[in-house]
Amino acid sequence: MSTFITTFKEGNKEMKQQLGGKGANLAEMTNLGYPVPNGFTIHTSACSLYQRDQKLSDTLKNDIKKHIQTIERETNKNLGSKSNPLLLSIRSGAEISMPGMMDTILNLGINDEIAYELAKKDPLFAYDLYRRFIQMYGNVVKGIPMEKFDKIYDSFDTINTDSLLTIINDYKSLYQAETKETFSQNPYHHLYEAIESVMASWGNERAVYYRDVNNIHNIKGTAVNVQTMVFGNVDEHSATGVCFSRNPSTGKKELFGEILWQAQGEDIVAGTHTPLPIQSLISKKPELYEQLHHLVYELEKHYKDMQDIEFTIESNRLYLLQTRSGKRTPQAALKINRDLFDEGIISKKELILQTNEHDISGALHAEFNIDTVNLATEIGHGMNASPGAAVGRIAFNKEQTLDYVENGYNVILVRHETSPDDIQAMDQAQGIITAQGGMTSHAAVVTRAMGKPCIVGSNDIKINNQNEVIIGQKTYQKGDYISMSGTTGTIYDGKLVLETQQKPKEFDQILNLGNKHQTIKILANADTPKDIKTALLYDAKGIGLVRTEHMFFDEERIRLFQQMILSQTSEKRKIALDKLLPVQAEDFYNLFKANGSLPITVRYLDPPLHEFLPNSPHAIKSLSDDSKISVVDLKKQIQRLQEVNPMMGHRGIRLGITYPEIYTMQTTAILIAALKHYNENPTIQLNINLMLPLVSDLKELIIMRETISKTIKNYESKHQVSFNIKIGTMIELPRACLIADEIAEHSDFISFGTNDLTQMTLGFSRDDIHSFIDDYGQKGIYKNDPFKTIDTDGVGELLKIAVQKARSIKPQLPMGVCGEHGGDRTSIIFFENIGMDYVSCSPYRVPNAILTSAKIGFQ
Ligand code: PEP
Ligand code: MG
């Protein structure tokens, strides 16, 4: 075996890192005895070397030559031979599939003489092959714009032998004009240059952007597959096609795909020709359909996943050119996994491990409100390539898209067809519509993976120019609003109303299975009854954080709260707080009612007080009128409360220390609510936890704990009840981590506020980090945004110390995380590893967190 080359006979599916996905699977299929044209794979590591040296080494070239000679022996064809030419395809294939991002060259090996010889049998085929090769080689290897070739080709009304010969000559002249060299006649020269170009395409702009968007950073290059050509365009019994073992939009088990007779692979993927559904093969070539059907489902069983297969039929013989796990919509992904489990193809463990967190969140995408659909004006229809709904302004290209997005508008990208160059615009748009192309066109495949709505191949759409499109009967300009449903394929005039759709039934089925295997417990952060309902719908095991400050932002309450803040004496403050008490009590009651008997953790007021005071002249005047404080005095008071570093200022438990009456009012409101809830449901087991934020010292905790306990005791004895309320601490400061043993002694539980802990440990402001964190990422200083994924080296170490210290005092002390990291997969795994009992995250992240937790259990 060569250091950098593995033949299809030598490889297998486990060798993706070396051979890329395509190469490894071609090898696997070869060894399963499937009809795969002969070939070999140049390793990804050779691509890394190429990136360094910018050329192939002589040793590698020799190796390539030796492997070509082996193919020549095995196929009885020779590269460069006139009588029996070997023609090759050169295709990229990285470890992780990057559809269409890198380059491919087909029909390599042809030149003037070979074309002439082949033409003796079939001139149309031979010359078409040659003109395709010059075009692809000129474009990919020499960078000649495709439009220049297209312009020549399109200038001929009919394509026959004569016109093809003229086209070939014109192509060569174009080649000469653009490159200042004549088109080489040496196939080995072509071969090496083609391999180099495919390797170089790893670094092209669109591939780099794709890797960035998809967070693919740890792989070094693409493999290159050199394979004997089979021809889907050789005669009328030849075709090229793509098919999936399940419908990638709905997940339904059916052979789903497209076939294009007398064509080559790129014709179908580019979306430039509209192909026939794969089912048309049943009547046209029943035996071939049977064979394809059989092979596809064998492959699906073998790979234990839905497959996306490229095939070619050459004169009635079927060849497989690629198999890979098919991209699919989130809804389809859940259905497919669930069905594979039901069909006995995957086990429960495989089902859980194979279900992707993106699909769980993606399955909840928006659709139009049905009433607005009934009133809306339908303007056109296309193929429903990727589900979901979107509303936005029409943009026709990348520049327009980025311009609108920058100015805060949603965009629907409208194109003839998309190409990999459009990836950035597609990423930024809310939805994509293409006038041409089928269900496996670039736009369809890419948007499905993005979980973005897409409509393709619509006769109702005619793009006039870069700024105008006719949809149905109406002409739209760039910037006009339209709405689209990728679920039904319908385009509407103007703006429709979006709403979150029903989740598919497989969503609950899979999560229920996962739920039983949860390791670390998943709770939710929720501030309103609505949040709590969402959290419970997704099976959160309780509420791990209620941020009480959000209750004060309502228009009527903010006034009462502002009066409380502006009170100069404790008595006056008490009067304002007395007015707030029933309002807060009602809020807590509604929360408890929505939550039932699950654990609920309420946090005392946390933010600096000045956040509640106005700053615009108009708002200050209005508060002055209401509170009977002069504007001048009010401004002075607001200024007095301002802090240079409010996040490190008078907030959290510090507010409780200086204004204990605020925390006492909150405690009383909770007790009133608890009693009301209890009186209405006497059998209910209340499970209320009260939490003190931003503790830095033991004495703070002891003082506040005493104040709160006293209020609880008095209330309970007055009302002859016992609520068994627990009082715990948030750890959000490095110092608190280091004294976690002392804190544990005086806490019934500890919840780590990793948002503040990250801010205070790294010294990064959680509100301003976006101004420089991208630079840090690009320079490799921090791999991830530390506010999204826990910084294990720093913040993580502090957490470890705190958990160990706390457990050394109270081995059973409940501990968890309620910062944003609680919904992040990598962070959840870390928290479970260091012994946390739970994480609490926003309601929509609960399903993902449950899945992650179950995966940990299975690994
Ligand atoms: C935290 O700091 O992690 C936390 C949960 O509190 P907040 O985000 O409200 O400051
Ligand atoms: Mg905090």
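All ligand and atom numbering here is 1-based and tracks the order in the structure. If you're wondering where the values come from, they're calculated on a predicted model, not measured in any experiment. Heavy atoms only: backbone and side chains are in, while hydrogens, waters and symmetry mates are out.
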Checklist entry - Out of Met647, Glu732, Arg651, Met760, whose heavy atom is nearest to atom 2 (O) of ligand 1? => result Glu732
Checklist entry - At a non-hydrogen distance cut-off of under 4.0 Å, which region of Asn525 contacts ligand 1 (side chain, backbone, both, or neither)? => result neither
Next on the checklist: Regarding Glu571 and Lys574, does a basic nitrogen lie under 4.0 Å from an acidic carboxylate oxygen?
Outcome noted: no
Item to check | Arg766 bridged to Asp756 by N-O distance under 4.0 Å | outcome: yes
Item to check | Per-atom contacts, ligand 1 versus Asp606 - under 4.0 Å to a heavy atom | outcome: 10 (O)
Checklist entry - Considering only heavy atoms of Leu545, which atoms of ligand 1 have at least one such atom less than 4.0 Å away? => result 5 (C)
Next on the checklist: Run Tyr782 and Phe787 through ring-ring contact (aromatic ring centres under 6.0 Å, His included) and show every step you take.
Outcome noted: CA-CA 11 Å; Tyr782 282 99; Phe787 288 103; 10.0 Å; no
Item to check | Donor on one side chain, acceptor on other, Thr729 and Ser747, under 3.5 Å | outcome: yes
Item to check | Contact with ligand 1 for His821, non-hydrogen, under 4.0 angstrom | outcome: no
Checklist outcome for this item: Sorted by chain and number, protein N/O/S atoms nearer to the Mg ion (ligand 2) than 2.8 Å are Glu732 OE1, Asp756 OD2
Next on the checklist: Salt bridge or not between Asp697 and Arg735? Use side-chain N to carboxylate O under 4.0 Å.
Outcome noted: yes
Checklist entry - Taking C-beta and beyond as the side chain, do Ile543 and Val602 meet within less than 4.5 Å on heavy atoms? => result no
Checklist outcome for this item: Among Leu694, Thr758, Asn755, the residue with a heavy atom nearest to atom 1 (C) of ligand 1 is Asn755
Checklist entry - What part of Arg766 sits under 4.0 Å from ligand 1 if we count only heavy atoms: the side chain, the backbone, both or neither? => result side chain
Checklist outcome for this item: Residue, atom and distance of the protein heavy atom nearest atom 6 (O) of ligand 1 read Arg603 NH1, 2.9 Å
Next on the checklist: Give me each pair satisfying ring pair (Phe, Tyr, Trp, His ring centres under 6.0 Å) with a member in residues 723-753, each pair once, sequence neighbours excluded.
Outcome noted: none
Checklist entry - Should you measure from each heavy atom of Cys818, which atoms of ligand 1 turn up under 4.0 Å away? => result 5 (C)
Checklist entry - Does the N or O separation between Glu549 and ligand 1 drop below 3.5 Å for any pair? => result no
Item to check | Ion pair check, Asp606 and Arg654, cut-off under 4.0 Å | outcome: no
Checklist entry - Any side-chain donor-acceptor pair under 3.5 Å between Thr667 and Tyr715? => result no
Item to check | Cationic N near anionic O, under 4.0 Å, Arg845 to Glu820 | outcome: yes
Next on the checklist: Tell me the contacting part of Arg547 for ligand 1: side chain, backbone, both, or neither, using a 4.0 Å heavy-atom threshold, strictly below.
Outcome noted: side chain
Next on the checklist: Between Glu357 and Lys855, does any side-chain N to carboxylate O distance fall below 4.0 Å?
Outcome noted: yes
